[in-house]
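Chain naming here is simple, since letters A, B, ... match the order of the sequence lines and numbering starts at 1 in each. Reckoned from all heavy atoms, side chains included, excluding hydrogens, waters and symmetry mates.
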There are 2 protein chains.
Amino acid sequence: MQTDPLSTAFSALADPTRRAMLARLSMGEATVNELAEPFAMTLPAVSKHLKVLERAGLVSRGRNAQFRPCRLEAGPLKDVAAWMEQYRRFWDDSFDRLDDYLKQIQHKERSDDA
Amino acid sequence: MQTDPLSTAFSALADPTRRAMLARLSMGEATVNELAEPFAMTLPAVSKHLKVLERAGLVSRGRNAQFRPCRLEAGPLKDVAAWMEQYRRFWDDSFDRLDDYLKQIQHKERSDDA
DNA sequence: TCTGTATTTTACCAATTAGCTAATTAACCT
DNA sequence: AGGTTAATTAGCTAATTGGTAAAATACAGA
C-alpha cells in the first residue's frame, strides 16, 4: 500500500461502508457496535474497517469502560480538499466568476481597512 | 473492488503515480509515453494506471495515428468535491463565518431585487 | 512490404485487502 | 469468582492490485 498520508486517506475513503461510518460519525461519537449495526457484516469486519479509518487519521477512539467510542477527525479531509482545490477550475463552472467576485471583495475590504 | 462511481474515483486517486498523471494532464493532453516519462516504471505499468483512471472516468483518450492522447475529465472530481462538501464544517474554520456571510449576501441581493 | 515507434495484451508473481469463524481480551455487574 | 457484553486478534480463503517480461497490435514512412 501507499505510505503517503494523502493516498492513505483516499484509499480509506474508497469504500462505501467506511464512508457510511464517517457519515454516522459526523452526527456524533459512536461505539463499534453502533457503527456496525446498519451493516450485514460481522463485527471483526467492522473493526478492520475502523482500523483503516484510524490509520488514515480519519477516526480517533477514546476509552469509556468497555466501550471504545469513535469520533470523526477531519484533518485528512482538509488535505484531500486542498488537493482537490487545484482542479476546481475543471469542474466548477462558476469558479472563474466566483474567483473574480472574491477578488473584488478582498479589494473592497482592503480599501475599507485603509 | 467497489462498483459505485464514488468509490472507484477515490480508489483511482489513492495512488501518487496516478495523481501525478492527473497533475500532468491538468496542463494539457499527453500521450502515454509523455505521461510515463517521469516515472521509474515500465510502460505496461503506466498503461494499467491509465486504465484505472479511465475506468474511473477521470481520463478519456482520443486517437491520433499510433498515439492515444489522454485528457483530464473532471466529472468524477466534481462528485468527490460534492461528497467532501458535507464535511466542510469539520475542517474549515472559516466555514461558519463564510456561511453567515453568504447568507447575508443572498439576503442583500434579495432585497436589492425587491 | 518491411521497419521502427507507440501502445496494449498476456502470463505470471508477490503483496494486500476484505470477508468469514473461532478464540481471546477487557470491563462491567452480580 | 462467574456471566455478559464490547471489541480485538488469529488464522483461513478468495479476490484485487501493482509490478514485470515477452509477445502482439496498430500505425507511419521508406
Side-chain angles (χ1 to χ4, degrees), chain A residues 1-22 24-25 28-72 76, chain B residues 1-22 24-25 28-72 76:
Chain A
M1 190 211 274
Q2 310 304 335
T3 54
D4 64 296
L6 196 50
S7 297
T8 306
F10 271 123
S11 159
L13 294 174
D15 182 293
T17 301
R18 290 194 288 261
R19 289 199 305 279
M21 287 174 175
L22 290 182
R24 166 65 186 79
L25 290 177
E29 293 198 355
T31 66
V32 178
N33 268 293
E34 283 166 350
L35 282 172
E37 200 273 326
F39 304 107
M41 196 183 296
T42 61
L43 217 45
V46 170
S47 194
K48 279 193 184 179
H49 280 301
L50 269 172
K51 199 175 293 181
V52 171
L53 289 169
E54 207 177 356
R55 219 159 49 86
L58 285 159
V59 158
S60 67
R61 2 197 23 180
R63 191 95 191 227
N64 181 6
Q66 69 270 59
F67 305 92
R68 248 134 293 189
C70 308
R71 72 177 156 283
L72 182 62
Chain B
M1 188 211 276
Q2 309 304 336
T3 55
D4 64 296
L6 196 51
S7 296
T8 306
F10 271 122
S11 161
L13 294 173
D15 182 292
T17 301
R18 290 194 288 263
R19 288 198 305 278
M21 288 175 175
L22 290 181
R24 167 64 186 79
L25 289 177
E29 294 199 354
T31 66
V32 179
N33 267 296
E34 284 166 351
L35 283 173
E37 200 274 327
F39 304 108
M41 195 183 297
T42 60
L43 220 44
V46 170
S47 193
K48 277 195 185 179
H49 280 301
L50 269 172
K51 199 174 292 181
V52 172
L53 290 170
E54 208 177 355
R55 220 158 49 83
L58 285 159
V59 158
S60 68
R61 357 194 31 177
R63 191 95 192 229
N64 181 7
Q66 69 270 59
F67 305 93
R68 246 131 294 187
C70 309
R71 73 176 154 284
L72 182 62

So which nucleotide from [options] ends up closest to the side chain of [X]?
X     : options               : result
B:S47 : C:dT8, C:dA18, D:dG18 : C:dT8
A:A45 : D:dA6, C:dA11, C:dC20 : C:dC20
A:L43 : C:dA6, D:dA7, C:dT9   : D:dA7

What's the separation between atom [atom1] in [X] and atom [atom2] in [Y], rounded to the nearest 0.5 Å?
X     : Y     : atom1 : atom2 : answer
B:L43 : B:N33 : CG    : CG    : 5.0 Å
B:S60 : B:L72 : OG    : CG    : 8.5 Å
A:L58 : A:C70 : CG    : SG    : 12.5 Å
B:E29 : B:F67 : CD    : CZ    : 13.0 Å

Starting at atom [atom1] of [X], determine the distance to atom [atom2] of [N], rounded to an integer number of angstrom.
X     : N      : atom1 : atom2 : answer
B:L50 : D:dG19 : CG    : C1'   : 15 Å
B:K48 : C:dT9  : NZ    : C1'   : 10 Å
A:D15 : D:dT17 : CG    : C1'   : 15 Å
B:R18 : D:dG18 : CZ    : C1'   : 9 Å
B:R19 : D:dG18 : CZ    : P     : 12 Å
A:R55 : D:dT8  : CZ    : P     : 15 Å

OP1 or OP2 of D:dG19 under 4.0 Å from side-chain N/O of B:H49: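 Checking D:dG19 against B:H49, a side-chain N or O does come within under 4.0 Å of OP1 or OP2.
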Under-4.0 Å side-chain N/O to phosphate OP1/OP2 contact, A:K51 with D:dT9: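 Checking A:K51 against D:dT9: at least one side-chain N or O falls below 4.0 Å of OP1 or OP2.
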Heavy-atom side-chain contact between [X] and [Y] under 4.5 Å:
X     : Y     : result
A:H49 : A:L35 : no
A:D4  : B:R19 : yes
B:R68 : B:R63 : yes
A:L13 : A:L22 : yes

Please list each protein N or O that sits under 3.5 Å from an N or O in nucleotides 27-30 of chain D, with the distance.
from   : atom 1 : to    : atom 2 : distance (Å)
D:dC27 : OP1    : B:R63 : NH2    : 3.4

Residue closer to the 5' end of DNA chain C, B:R61 versus A:T17 (nearest nucleotide):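 Nearer the 5' end of the strand: B:R61.
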Expected output: side-chain A:R18 to main-chain A:S11 donor-acceptor under 3.5 Å: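 Pair found, side chain donor or acceptor close to backbone of A:S11.
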Strand-adjacent residues in residues 29-42 of chain B, judged by heavy atoms under 4.0 Å from DNA chain C: B:T31, B:V32, B:N33
